[in-house]
Protein chains: 2
Amino acid sequence: MIFLEQHSKYRELLKREGIKNTKHRTAILEILEESDSPKTAEQLFISLKDKTASIDMSTVYRTLDTFTSKNLVVKSNRVDDGKALYEFNHHEHKHHLLCVGCHKLISIEDCPIGELQQILKRKIDFDITGHKLEIYGYCRDCKNFKEPSTDSEDV
Amino acid sequence: MIFLEQHSKYRELLKREGIKNTKHRTAILEILEESDSPKTAEQLFISLKDKTASIDMSTVYRTLDTFTSKNLVVKSNRVDDGKALYEFNHHEHKHHLLCVGCHKLISIEDCPIGELQQILKRKIDFDITGHKLEIYGYCRDCKNFKEPSTDSEDV
DNA sequence: TTCTAATTGCAACTGCCTTGCATTTGCACT
DNA sequence: AGTGCAAATGCAAGGCAGTTGCAATTAGAA
Ligand SMILES: [Mn+2]
Ligand SMILES: [Mn+2]
Ligand SMILES: [Zn+2]
Ligand SMILES: [Zn+2]
């Protein structure tokens, strides 16, 4: 049964990192892995109330910090309000499309950088280890209703 | 004299946006335009104490909000702590190198995206208006002292 | 089962940022 | 130059995401 597989999967993940297995931790990992977009601590907190017994926000934050430092989770910041976002680290290189109309966040597999990174690496005196690319625009649902463009640039 | 040119330059900028000319506003614009890296509200506050009479933090924030909404200033968030950063909008398309060793932020003119954006535009059902690219790695000063790489990916 | 360090809940606290309100100031119009 | 008024500012209080100290609980090794 999938349930058991999942359960032991997270158990192993935690063991590998040398941290204890708790219901809160597996629940958080499960929610994050299943979701296709990054979540705030608050959103997690709400989801957790359905899944497990109640949990304290400080535990949510502490757990997410731990996961982030172990690279089980990737932390970022939401563009509009700077609030912290957390997503399961699938260890795959991907990017996001952010709709400036409805604030939807869409994952894409393509990495437009790749070889360009190599070129830059030689061109500048800087040892590149990674990058973050975010693309802005209007999603399918919003593109027909978008306002005439402002003079904002380099978003 | 340059001083006078600068002064009238900001005055015009403010007039064009239909907002009042005050010493705080020109001082903030001046500091931001002269600096080559984004600044926090706090850093601005400190710089302002040298330049003008004292200013309140709420005024700093309100001014930066106003400037951001008028696209005179670009707001972003620092990667490590999510704190708000503000930079003068030169209306030029540029990107940053972030040193993960010393947290220095270096501007680059090159945009590796360009035509790729056009390709994506046809490939996906999404109306691209812009993008943000940040490159991570070790600067000249830090590259020799960097630690053996961890398994962190997709930074 | 026993023992211990890690985890958790709770409550207080910090720091960034916002807001309400009284006062001041820029500036358009005489 | 003087007047009037909306916009800008300072001050103090407040809001909210995230942190921390501490005592109670719990995972898991032995
Ligand atoms: Mn990429
Ligand atoms: Mn670019
Ligand atoms: Zn949309
Ligand atoms: Zn460096």
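Chain letters run A, B, ... following the sequence lines, proteins first and then strands; every chain starts at 1. A quick note: this is a predicted structure, and the numbers were derived from the prediction, not measured.
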- Message: Suppose we screen for salt bridge (charged side-chain N to carboxylate O under 4.0 Å, His left out). Which residues come up paired with B:D65, at least two apart in sequence or across chains?
- Response: none
- Message: Quick check on the helix from C:dT1-D:dA30 to C:dT30-D:dA1: what's the angle between its two end axes, five base pairs per end, to the nearest 10°?
- Response: 40°
- Query: What string of B, S and - do you get for nucleotides 16-25 of chain D, 5' to 3', when a contact is any protein heavy atom under 4.0 Å?
  - Reply: -SBBBB----
- Message: Among residues at least two apart in sequence or on other chains, which ones pass side chain to side chain contact (heavy atoms under 4.5 Å, CB included) with A:L98?
- Response: A:V79, A:L105, A:Y136
- Query: Which residues pass the salt bridge (charged side-chain N to carboxylate O under 4.0 Å, His left out) test with B:R62, sequence neighbours left out?
  - Reply: none
- Residues two or more places apart in sequence or in another chain: which of them pass ring-ring contact (aromatic ring centres under 6.0 Å, His included) with A:F88? A:H90
- Query: With A:D56, which residues qualify under salt bridge (charged side-chain N to carboxylate O under 4.0 Å, His left out), at least two apart?
  - Reply: none
- Under 6.0 Å between the ring centres of B:H131 and A:H95? no
- Between B:E33 and B:K9, is the closest basic N to carboxylate O distance under 4.0 Å? yes
- Message: My understanding is that only residues two or more places apart in sequence, or in another chain, count here; which of them pass salt bridge (charged side-chain N to carboxylate O under 4.0 Å, His left out) with A:K83?
- Response: none
- Got a salt bridge between A:E30 and A:R25, using NZ or NE/NH1/NH2 to carboxylate O under 4.0 Å? no
- Return the set of residues passing side chain to side chain contact (heavy atoms under 4.5 Å, CB included) with B:S37 (not counting sequence neighbours), or none when no residue passes. B:K39
Please tabulate, for side-chain N and O atoms in residues 40-49 of chain A, each donor-acceptor pair with protein atoms closer than 3.5 Å (sequence neighbours left out).
residue, atom, partner, partner atom, Å
A:T40, OG1, A:Q43, N, 3.0
A:T40, OG1, A:Q43, OE1, 3.4
A:Q43, OE1, A:T40, N, 2.8
A:S47, OG, A:Q43, O, 3.1

Under 3.5 Å between N/O atoms: give me all the protein pairs with nucleotides 26-30 of chain D, atom names plus distance.
residue, atom, partner, partner atom, Å
D:dA27, O3', A:N21, O, 3.4
D:dA27, N3, A:K20, NZ, 3.0
D:dG28, OP1, A:N21, N, 2.7

- Task: For B:H24 and D:dG10, give me the distance from atom NE2 to atom C1', rounded to whole Å.
- Result: 9 Å
- Extract, from 5' to 3' on DNA chain C, the first and final nucleotides lying under 4.0 angstrom from some heavy atom of chain B. C:dC16 to C:dC27
- Message: So does B:A84 get a backbone contact from the side chain of B:R78, meaning a donor-acceptor N/O pair under 3.5 Å?
- Response: no
